[in-house]
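Here the structure is a predicted model, which means the values were calculated and not measured. Numbered from 1 within each chain, the chains take letters A, B, ... in sequence-line order. Basis for what follows: all heavy atoms, side chains included, without hydrogens, waters or symmetry-related copies.
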Amino acid sequence: MEWFGIIWCKKYGDPLEAKVIWRPTTMASCDEDAAQSLLKLIDVLEDNDDVQNVYSNGEMSEDVLKKLSA
Amino acid sequence: MAGHSQFKNIMYRKGAQDAKRAKMFAKIAREIFVSVRGGLADPSSNPRLRAALSTARAANMPKDNIDRAIKKALGGDDNSHYEEVRYEGFGPGGTALIVEGLTDNRNRTVSDVRTAFTKYGGSLGENGSVSFMFERIGLVRYPLSVGSYDNVFEAVIEAGAENLETEDNAFEITSTVESFGMVRDYLVQKIW
């Protein structure tokens, strides 16, 4: 909160996230098996100490995504 | 929209975030280290450090961890030289991946990355082999609580950003890479 003389104002402040990313423009559909393998690959890569970010264009139905995220 | 199955990018998955916490801190610490080594230890004059500290705060990284990373970079003891690396390849099912890293040993990293790709039904490719399927943009996310869509849209235009969407229960503001720093700095200071 900042005091601006008469009124209290709230700033947006720190964002939840702010970074330069690679966003896919062409997607690749995954069935459940491919999605599971893709997720494992991403996890292994992210687990590596030298890796900072992993991006992928894999997409799947919401149901499969929910299942993977459980 | 009823009954229509949406397809979502795997990047929106919720993971076992708690287990990854320690790894996340280590990654942020490395980014802090590199940004201090590459400039001043003062966030107001070092945009990369400013971004890294903001990420550290968003991740609830303990102040001790942050200070330690900065101290390490300022001290002459740690002679690690990290370089930025980027790898691209195909994953299972014809998916594409881009991997960014900070490493003090390129050979170790590329070997690890290649092994992972092969193990999960993919293959590491040349740079450029899949990046044409992506665009490089700045992304800033804020909780929906910062304002109504219309108010935030106005702020986003003032900030010089390109687009505003709501996704994953948050405002997603996208910008060009060049204007990313300016957009972020503007929004941080923005009054509701």
Side-chain angles (χ1 to χ4, degrees), chain A, chain B residues 5-15 20 23 26-27 30-31 51 54-55 57-58 91-103 105 108-109 112-113 116-117 119-122 131 133-143 146 155 170 177 180 184 187-192:
Chain A
M1 304 277 259
E2 295 281 323
W3 178 247
F4 273 84
I6 310 174
I7 47 173
W8 287 99
C9 290
K10 281 187 85 166
K11 287 188 177 178
Y12 278 32
D14 275 331
L16 296 170
E17 190 180 347
K19 60 201 299 199
V20 174
I21 62 165
W22 289 93
R23 184 170 71 173
T25 50
T26 305
M27 305 305 293
S29 277
C30 292
D31 61 15
E32 190 166 340
D33 286 336
Q36 273 195 350
S37 293
L38 176 59
L39 181 60
K40 281 207 194 97
L41 173 55
I42 293 174
D43 278 349
V44 165
L45 289 169
E46 285 183 340
D47 225 45
N48 189 302
D49 289 340
D50 296 336
V51 171
Q52 294 293 85
N53 300 297
V54 180
Y55 307 99
S56 175
N57 69 346
E59 70 173 4
M60 60 241 28
S61 73
E62 270 189 304
D63 295 333
V64 171
L65 188 64
K66 257 195 207 107
K67 232 173 146 182
L68 292 182
S69 303
Chain B
S5 173
Q6 297 275 32
F7 267 63
K8 299 219 73 174
N9 187 203
I10 196 165
M11 303 277 74
Y12 286 107
R13 84 203 190 279
K14 311 289 174 224
K20 295 197 169 191
K23 289 274 177 180
K27 292 182 198 297
R30 189 170 289 194
E31 175 64 17
S54 173
T55 303
R57 284 190 296 268
T95 51
L97 288 93
I98 297 179
V99 182
E100 291 178 327
L102 281 174
T103 179
N105 185 340
R108 172 189 71 218
T109 311
D112 288 349
V113 170
F117 267 87
K119 181 172 180 183
Y120 292 101
S131 53
M133 288 190 270
F134 294 76
E135 57 181 346
R136 200 121 197 283
I137 54 164
L139 174 71
V140 180
R141 292 176 67 241
Y142 273 100
V146 300
V177 174
F180 165 71
R184 187 213 40 229
L187 290 173
V188 166
Q189 291 300 303
K190 179 71 186 166
I191 307 293
W192 289 24

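- Taking every heavy atom of both residues into account, A:Ala18 and B:Thr55 meet most closely at O-OG1, 4.2 Å.
- Looking at B:Arg57, the atoms closer than 4.5 Å to chain A (heavy atoms on both sides) all sit in the side chain, from C-beta outward.
- Nearest heavy-atom pair, B:Lys23 versus A:Asp47, reported as atom, atom and distance to 0.1 Å: NZ-O, 3.0 Å.
- Minimum interatomic distance between A:Pro15 and B:Arg184 (heavy atoms only, all atoms of both residues): CG-CG, 4.5 Å.
- Counting heavy atoms from C-beta on, the side chains of B:Met11 and A:Ile42 come closer than 4.5 Å.
- With a threshold of 4.5 angstrom between heavy atoms, A:Val44 approaches chain B through side-chain atoms but not through N, CA, C or O.
- In this structure, A:Tyr55 has its ring center no closer than 6.0 Å to that of B:Phe134.
- Minimum interatomic distance between B:Lys27 and A:Val51 (heavy atoms only, all atoms of both residues): NZ-O, 2.7 Å.
- Heavy atoms of B:Ala170 lying under 4.5 Å from chain A belong exclusively to its side chain.
- Considering only heavy-atom pairs separated by less than 4.5 Å from chain A, the leading option among B:Val177, B:Leu139, B:Val140, B:Asn105 is B:Leu139.
- Among the candidates B:Thr109, B:Thr103, B:Asp112, the single residue satisfying the side-chain hydrogen bond (donor to acceptor under 3.5 Å, both in side chains) test with A:Asn48 is B:Asp112.
- In terms of heavy-atom proximity, A:Gly58 sits nearest to B:Thr95 at CA-CG2, 3.7 Å.
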Item to check | Steps toward salt bridge (charged side-chain N to carboxylate O under 4.0 Å, His left out) verdict (B:Arg13, A:Glu62) | outcome: CA-CA 10 Å; B:Arg13 84 203 190 279; A:Glu62 270 189 304; over 6 Å; no

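- Proximity to chain B (any heavy atom under 4.5 Å) is shown, for A:Met60, by both the backbone and the side chain.
- In this structure, chain B has no heavy atom under 4.5 Å from any part of A:Asp33.
- Within the 4.5 angstrom heavy-atom criterion, atoms from both the backbone and the side chain of B:Tyr142 approach chain A.
- Between chain B and the options A:Leu38, A:Asp31, A:Val54, heavy-atom pairs under 4.5 Å are most frequent for A:Leu38.
- With a threshold of 4.5 angstrom between heavy atoms, A:Leu65 approaches chain B through side-chain atoms but not through N, CA, C or O.
- The minimum heavy-atom distance between B:Val188 and A:Lys11, with the atom names listed, is O-CB, 3.8 Å.
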